[in-house]
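To start, the structure itself, in structure tokens.
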Amino acid sequence: MIPGASVGEVVLDVKEVGLTLEEHLILDGVTFQVKDRIREGITTGQVVALLGPSGVGKTRLLRIIAGLDAPDSGTVRGLQGEELPAGTVGVVFQDYPLLRHRTVESNLLLAGSIGGLSAARSEARTQELLKTFGMEDRAGFYPGQLSGGQKQRVAIAQQLVVPRRFLLLDEPFSGLDPAALEDVSKLICEVANLDEFNTVMIVTHDIRAAMAVSDTLYMLGRASKNGKHVPGAKIVGEYDLVDRGLAWQKGIMERPDFVALEHELRGLFRTL
Amino acid sequence: MATKLARRRSKAAAFGVFNPNHVVGGRVAGLIVAFWTAIALLLWIASPWKTLPTPPEVIHALHDLWWNDGLGPELFTTLKLIFHATLITTVLALGLAYLTVVPAMRPLVQAASKLRFLGITGLVFPLTLLTGGGYALKVALLTFGMASFFVTSMAETVLEIPRSEFDHMRVLGASELLIVWEVVVRGTLDRALEVLRQNVAIGWSMITMVEGISRAEGGIGALILNENKHFRLEDVYALLLVILLVGLGIDALVGLLRAVLCPHARLGKVRR
Ligand SMILES: Nc1ncnc2c1ncn2[C@@H]1O[C@H](COP(=O)(O)OP(=O)(O)O)[C@@H](O)[C@H]1O
Ligand SMILES: [Mg+2]
């Protein structure tokens, strides 16, 4: 346990979410809650990771939380018990979509105008974010002229032009070199800590990278029977890394208890 | 060792133009074009076909056509016709293609696209009765010929927009109307202009035939039929040359329009 740390209100409440696609049961009663992390004297948002092997239904669940798809059953609610229609939750998809006929700057400005910011406010936010993300010299570039990592940063920046409580990132670590991975991880924590109620949710199959940035891990998986998967994924494990003293610290990845947990999760992964 | 490598490199450069998938620079590309142009001219001059007029004969005929037979005004008539028909085609076809986003309109668009199998010969009589003949008939025929292909290609383009582009805008909180404008209309403008380019070429290739159907208004098609009748072979070849060059000019113009309106479009094209 980290001194001065506790948890408060539920900021995201996912209850009994079920989804069937073309008669295949994909999600079967997914239930979990993300609670506000409180740390004395520091504004701490939440970074949580939804872990699961490839094809288990992570992206599908993300789309439901984002309000893009309706679940067949169950509910997704926010801090005040409100529903979260599309547009309230920021999402960075796996392929970092941007409008390819608009420049980097124009992509950000558009997000501002859609979000109802005044032209001046939108402009100010855009310049601020370009600076924060180190993309000032790429402001006039088209998405087609950016590298994968740069595109990702612009895509994240675009979601932040209008401040939002939730940011969902689908596979943010895929295809990144170690330095870029570290940059993105840092960025994720910064974004989360902008506001006490901010929550960044990472959806990934990368156990190690997820452990390094998150304070809570949720494991999405399927049960097995006679060596075969039972259809329908649910949350099969929740790991509070703050409780275990494995969050918010430097050099954490070398610690034996970190490595042990990583090992444990890897073993679990193979069965899901 | 190094010299051997250098020698191999220079050898590769010299024979690179014969290598598959080899990238050549602008100067080399120009030389290749010049080479083939020279071959073509040589073939023409030393032509074994008795009916083919020599270059001086054709140039003389061209001079004559321009100064004595009113080639200028006839060409203007033809250009006006293609411009008029292209304008109507573009508005009609793009309107229909964008309408595919409305489910209730899809059958209408599909029907319009199927009309291309009719061809225009059989439509001359019905359209004559509908339009009263003359200039209006020619515009109608050309429009019909171009628009049915334009709708087909553009509707396909709109249908092929990946869902992720819509979702990306939804996540930003955009209204469905704004999504149609940004993703469907603006997002496909480069492809629309490419399709336009092909359809103007189709229209241009039909124009002499269409002008032959109703010759009273003149135009380069009427002119060519007139020369045919009098067996003025060098005039016919001169007119063919004009048709080809003007066609290429129009094509280049649409290409230029695309480069100006959609600077991002060329980013997709990578030389192999
Ligand atoms: N349109 C669809 N119809 C049927 N099954 C689908 C469809 N889309 C995805 N699936 C299935 O849903 C499962 C979960 O997909 P997804 O959420 O993308 O997995 P991941 O956990 O890798 O993000 C996969 O097994 C996939 O085959
Ligand atoms: Mg996925």
Side-chain angles (χ1 to χ4, degrees), chain A residues 59-60 62-70 84-104 106-117 122 140-147 151 154-164 166-170, chain B residues 23 90 94 97-98 101 103 153-154 156-197 254-272:
Chain A
T59 300
R60 286 284 153 182
L62 170 136
R63 293 179 58 85
I64 290 171
I65 298 173
L68 288 170
D69 294 338
L84 302 170
T88 44
V89 176
V91 183
V92 179
F93 293 101
Q94 192 169 0
D95 51 352
Y96 327 129
L98 290 164
L99 291 157
R100 50 180 201 102
H101 60 276
R102 285 179 177 271
T103 60
V104 168
S106 165
N107 261 286
L108 298 197
L109 288 172
L110 179 72
S113 86
I114 292 175
L117 301 188
S122 194
F141 278 45
Y142 287 97
Q145 294 169 299
L146 301 178
S147 76
K151 250 191 230 164
V154 177
I156 296 176
Q158 192 186 35
Q159 299 296 322
L160 300 176
V161 175
V162 179
R164 285 194 273 197
F166 292 101
L167 183 62
L168 309 180
L169 304 170
D170 198 1
Chain B
V23 178
T90 308
L94 285 183
Y98 298 150
V101 298
S153 311
M154 253 342 260
E156 186 79 8
T157 302
V158 171
L159 278 177
E160 277 172 4
I161 302 172
R163 183 178 170 173
S164 60
E165 292 188 19
F166 292 85
D167 285 340
H168 169 232
M169 289 289 286
R170 288 191 184 117
V171 158
L172 289 171
S175 68
E176 294 299 320
L177 262 182
L178 181 61
I179 295 175
V180 169
W181 170 247
E182 275 295 326
V183 175
V184 177
V185 179
R186 292 207 45 193
T188 61
L189 184 61
D190 58 325
R191 272 160 280 182
L193 287 168
E194 189 57 45
V195 173
L196 172 69
R197 195 173 174 173
V254 182
L256 185 71
L257 188 69
R258 182 167 181 260
V260 171
L261 290 181
C262 308
H264 65 280
R266 92 195 138 75
L267 301 173
K269 284 197 187 139
V270 185
R271 264 192 281 162
R272 289 180 293 164

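Note that this is a predicted model, so its numbers are computed, not measured. Residue numbers begin at 1 in each chain, while the letters A, B, ... track the order of the sequences.
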Distance in Å, A/His101 NE2 paired with B/Asp190 CG, rounded so as to fall on 0.5 Å steps: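 Output value for this atom pair is 9.5 Å.
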Straight-line distance of A/Asn107 CG to B/His168 NE2, nearest 0.5 Å: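 Nearest 0.5 Å value for the CG-NE2 distance: 6.5 Å.
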Check: B/His264 side chain, A/Tyr142 main-chain N or O, donor-acceptor pair, under 3.5 Å: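 Answer holds: no.
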Check: A/Gly87 main-chain N/O paired with B/Arg170 side-chain donor or acceptor under 3.5 Å: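 Answer holds: no.
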Partner chain B: residue of A/Val92, A/Leu98, A/Thr103, A/Leu168 with the largest heavy-atom pair count (under 4.5 Å):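 The option with the most such pairs is A/Leu98.
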Heavy-atom pairs under 4.5 Å with chain B, option from A/Ala86, A/Pro97, A/Gly67 with the top count: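 Option with the top pair count is A/Pro97.
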Chain B contact via A/Leu110 - which portion, at a heavy-atom distance below 4.5 Å: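 Side chain only.
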Interchain contact, A/Val91 with chain B, by part (heavy-atom threshold 4.5 Å):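 Both parts, heavy atoms under 4.5 Å.
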Chain A-proximal positions within residues 158-166 of chain B [heavy-atom distance under 4.5 Å]: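 When heavy atoms of chain A are the reference, residues 158-166 of chain B contributes B/Arg163, B/Ser164 within the under-4.5 Å range.
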Criterion side chain to side chain contact (heavy atoms under 4.5 Å, CB included) on B/Val171 and A/Leu68, from CA distance to verdict: CA-CA 8 Å; B/Val171 158; A/Leu68 288 170; 3.9 Å; yes
Contacting moiety of B/Leu172, where chain A heavy atoms sit under 4.5 Å: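 Contact with chain A involves both backbone and side-chain atoms of B/Leu172.
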Test item: B/Arg186 and A/Leu99 side chains (from C-beta on) under 4.5 Å apart, heavy atoms: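 In short, these two side chains do not touch, never coming nearer than 4.5 Å.
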